[in-house]
Amino acid sequence: AQSVTQLGSHVSVSEGALVLLRCNYSSSVPPYLFWYVQYPNQGLQLLLKYTTGATLVKGINGFEAEFKKSETSFHLTKPSAHMSDAAEYFCAVSENEKGNNDMRFGAGTRLTVKP
Amino acid sequence: EAGVAQSPRYKIIEKRQSVAFWCNPISGHATLYWYQQILGQGPKLLIQFQNNGVVDDSQLPKDRFSAERLKGVDSTLKIQPAKLEDSAVYLCASSLVVASGNTIYFGEGSWLTVV
């Protein structure tokens, strides 16, 4: 079964600095990969997703992620952090095999942005 | 477009009591999901419906959890009797169809505390 590992449960950056949140996946078939963001007391909101095609995916709020099959990674980046980016970020993988949408989430990375 | 609606937002019950959560998905979405998110962890799928049929309930603790989607629209998740370890956020989500890669849209969650 597919799984996701997010390296670093907490990441702290200064405002204006590069944001890098790491995600590695395990999947027996070509995966679909997602990044979701969760603000306090709210549900999850999709940032971006990779299904097929271009491996560099651009999402909302200036975030992007690159699918690297050789490294089984899907790291999330943003060139310049903003205070409003402080939230919990979840990487998820869904396998294109059984026809259902069995999405598995990582444990999450909490991003703190310092002024 | 209205999002996924959930109620109640917050619930505190004593162990061995019962609780029910309600969800109304985005209009036209055939697939409905219930996830459990324990503090500090990523969401875990409990059950997935396609219209009024169950697609996957392999991770649902069936001795105490039940869910239904009788008319293929809104859904109810019940816990009876509740245990302390059931304290979590219960997230309802929906997608247009069941196929892998489809974006899953989440509600704001129902926060359960079992004391």
Derivation of the side chain to side chain contact (heavy atoms under 4.5 Å, CB included) call for A:Tyr36 and B:Ile104: CA-CA 10 Å; A:Tyr36 280 86; B:Ile104 296 178; 3.6 Å; yes
field: Worked verdict on B:Gln37 versus A:Leu44 for side chain to side chain contact (heavy atoms under 4.5 Å, CB included)
entry: CA-CA 11 Å; B:Gln37 185 178 16; A:Leu44 282 72; 4.3 Å; yes
Enclosure of A:Leu20 CG (heavy-atom neighbours >12, cutoff 6.0 Å): yes
statement: Assert top hit (heavy-atom pairs under 4.5 Å, partner chain A, pool B:Gly42, B:Gly109, B:Cys92) equals B:Gly42
task: Say whether B:Val4 and A:Val37 are linked into one hydrophobic cluster, either directly or through other cluster members, by side-chain heavy-atom distances under 4.5 angstrom.
output: no
field: A:Ile60, CD1 atom: more than 12 neighbouring heavy atoms under 6.0 Å
entry: yes
task: Please check if B:Phe65 and B:Trp34 belong to a single hydrophobic cluster, counting links between Ile, Leu, Val, Met, Phe, Trp and Tyr side chain heavy atoms closer than 4.5 Å.
output: yes
- line: With chain A, the option among B:Ala93, B:Gly107, B:Ser95 that has the most non-hydrogen atom pairs under 4.5 Å is B:Gly107
query: For atom NZ of B:Lys71, is the number of surrounding heavy atoms from other residues, nucleotides or ligands below 6.0 Å larger than 12?
result: no
statement: Applying a strict 4.5 Å limit to non-hydrogen atoms, the region of B:Gln50 in contact with chain A is neither
- prompt: Say you draw a straight line from CD of B:Gln41 to CZ of A:Phe105; how long is it, rounded to the nearest 0.5 Å?
  reply: 13.5 Å
- prompt: Does the B:Arg9 side chain pair with the main chain of A:Asn41, one donor and one acceptor, at a distance under 3.5 Å?
  reply: yes
message: Are B:Leu46 and B:Val55 connected into the same hydrophobic cluster when the rule is that any two of I, L, V, M, F, W, Y join if their side-chain heavy atoms are below 4.5 Å apart?
response: no
- request: Please lay out, stage by stage, how B:Tyr35 and A:Met103 fare under the test side chain to side chain contact (heavy atoms under 4.5 Å, CB included).
  value: CA-CA 10 Å; B:Tyr35 284 84; A:Met103 186 176 289; 3.7 Å; yes
field: Cluster link B:Leu84 to B:Phe21, ILVMFWY, side chain under 4.5 Å
entry: yes
statement: When the 4.5 angstrom heavy-atom criterion is applied to A:Gln38 and chain B, the contacting part is side chain
